[in-house]
Amino acid sequence: MNALLRTLNCALTVLALLHMPLMQAADSTSDDSWVSLFNGRDLKGWTPKFTGHALGANPGETFRVEQGILRVVYDPAKPFQNEFGHLFYRAPFTHYVLRIEYRFVGEQASGGPGWAYRNSGVMVHSQAPETMGEAQNFPVSIEVQFLGGNGIDARPTGNLCTPGTHVVMDGKLHTAHCTESTSPTFHGEQWVTAEVEVRGNERIVHRINGTTVMEYSQPQLDPDDADAQRLIQSDDLSLQGGFIALQAESHPIEFRRVEIRMLKP
């Protein structure tokens, strides 16, 4: 029996070691094929993290899959209590194009902050979900912010927000927390296609419905941010890659496509 266990453990160790190069190799390929990160049936491959909850908890089934749509849903009878949510894909990436089709629907949860009205997004270059504090609202990451129109005002989408991070824009360190893109406003419940081209630390490009609306480079940790400080391990603050996470910030939103196309470094 002991010999059998030793043989089994050895085999598992070899498989684990083989798995790491496979993940890295997948990140170095390049072709024209898109791979869906969402299977259309359930949340397999994704892990939620909500403020005030342990990793994996999904209070009220806020993230759910219904009729092939990945939805963020709130109980209208339950006030929002700053339980900001992020749904993390299982693997980190460095060089890729991410394509997401989304639309805002319905009414914001009661008690949701004013800034979160028709507000969501996707985090890229994010810290690993298991490194987040239980009370932490947002992962240290680069946020591609999605905004929906209110029927009156201009509200561009595909914006940049930087929880715990900075970037370089127009040759200068850019420290503003949120920066508007040049996209048009999308009122109502229309579907919008967002693409994020991520090339490690070299360049990140936001596109909305095929049009480039923002570009910047050199994503990096903010040494003055308390959450980022816990991640800093050397003088090198640059972010070369990280996890992808979809947001739940108190307004219902639907995602019907979440796809990735790998790029060569």
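Below 30°, between 30° and 60°, or above 60°: for His86 and Phe138 the angle between ring planes is above 60°, a perpendicular geometry. Relative ring orientation between Phe146 and Phe255 is described as tilted, the plane-to-plane angle lying within the 30° to 60° band.
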Quiz: residues 211-220 side-chain donor-acceptor pairs under 3.5 angstrom, not counting sequence neighbours:
residue: Thr212; atom: OG1; partner: Arg207; partner atom: NE; Å: 3.3
residue: Tyr216; atom: OH; partner: His206; partner atom: NE2; Å: 2.7
residue: Gln220; atom: NE2; partner: Gln218; partner atom: O; Å: 2.9

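A distance of 5.0 Å separates NZ of Lys49 from CE of Met132, quoted to the nearest 0.5 Å. A distance of 8.5 Å separates CZ of Arg71 from CZ of Arg103, quoted to the nearest 0.5 Å. Arg257 contributes atom CZ, which lies 11.5 Å from atom CD1 of Ile100 (distance to the nearest 0.5 angstrom). Between atom OG1 of residue Thr94 and atom CD of residue Glu202 there is a gap of 11.5 Å, rounded to the nearest 0.5 Å. Annotation: the span from Gln247 atom CD to Cys161 atom SG amounts to 8.0 Å, rounded to 0.5 Å. Atom-to-atom distance recorded for His125:NE2 and Ile244:CD1 is 10.0 Å, nearest 0.5 angstrom.
Using a 4.0 Å cut-off between charged side-chain N and carboxylate O, Glu197 and Arg199 make a salt bridge.
A donor-acceptor pair under 3.5 Å is absent between the side-chain atoms of Thr62 and the main chain of Tyr74, judged by distance alone. Judged by distance alone, with hydrogens and angles left aside, the side-chain atoms of Ser141 form a donor-acceptor pair with the main-chain N or O of Pro139 at under 3.5 Å. Side-chain atoms of Trp46 come within 3.5 Å of backbone N or O of Leu37 as a donor-acceptor pair. Side-chain N or O atoms of Glu189 include one that pairs as donor or acceptor with a backbone N or O of Gly106 at under 3.5 Å. The main-chain N or O of Glu101 is never found under 3.5 Å from a side-chain atom of Arg256 such that the two would form a donor-acceptor pair. With hydrogens and angles disregarded, a donor-acceptor distance shorter than 3.5 Å links the side chain of Ser36 to the backbone of Phe38. Under a 3.5 Å cut-off, the side chain of Thr162 and the backbone N or O of His177 do form a donor-acceptor pair. Between the side chain of Thr47 and the main chain of Phe88, no donor-acceptor pair closer than 3.5 Å is present. One N or O on the side chain of Arg118 and one on the backbone of Gly188 form a donor-acceptor pair closer than 3.5 Å. Asn201 places a side-chain N or O within 3.5 Å of a backbone atom of Leu239 that can act as its donor or acceptor partner.
Residue Gln233 qualifies as open at atom CD: its count of foreign heavy atoms under 6.0 Å is 12 or below. Crowding of Asp170 atom CG: a count of heavy atoms from other residues, nucleotides or ligands under 6.0 Å not exceeding 12. Residue Gln67 places its CD atom among 12 or fewer non-hydrogen atoms of other residues, nucleotides or ligands, all under 6.0 Å distant. Counted within 6.0 Å of CZ on Arg203, heavy atoms from surrounding residues, nucleotides or ligands total more than 12; the atom is thus considered enclosed. Residue Gln229 places its CD atom among more than 12 non-hydrogen atoms of other residues, nucleotides or ligands, all under 6.0 Å distant. Sparse packing is recorded around CD of Glu107, with 12 or fewer heavy atoms of other residues, nucleotides or ligands lying under 6.0 Å away.
At a threshold of 4.5 Å between non-hydrogen side-chain atoms, the residues Val140 and Leu221 count as touching. At a threshold of 4.5 Å between non-hydrogen side-chain atoms, the residues Pro113 and Phe80 count as touching. By the 4.5 Å heavy-atom criterion applied to side chains, Pro163 and Asp227 are not counted as neighbours. Residues Met169 and Leu160 meet the side-chain proximity criterion, which asks for heavy atoms closer than 4.5 Å. Side-chain atoms of Phe93 and Leu98, non-hydrogen and from C-beta on, never get closer than 4.5 Å to each other. Residues Thr193 and Arg99 form a side-chain contact, since some pair of their non-hydrogen atoms from C-beta on lies under 4.5 Å apart. Looking at heavy atoms from C-beta onward, Val122 lies out of side-chain contact with Val258 at the 4.5 angstrom threshold. With a 4.5 Å cut-off on side-chain heavy atoms, Val198 and Ile142 do not count as touching.
Members clustered with Ile69: Trp191, by chain and number, using a 4.5 Å side-chain heavy-atom cutoff among hydrophobic residues.
In plain terms, the two heavy atoms of Ser181 and Gly158 that are nearest each other are CB-O, 3.4 Å.
Aromatic ring centroids of Phe50 and Phe63 lie under 6.0 Å apart.
No continuous path of ILVMFWY side-chain contacts below 4.5 Å connects Ile208 to Met123, so the two sit in separate hydrophobic clusters.
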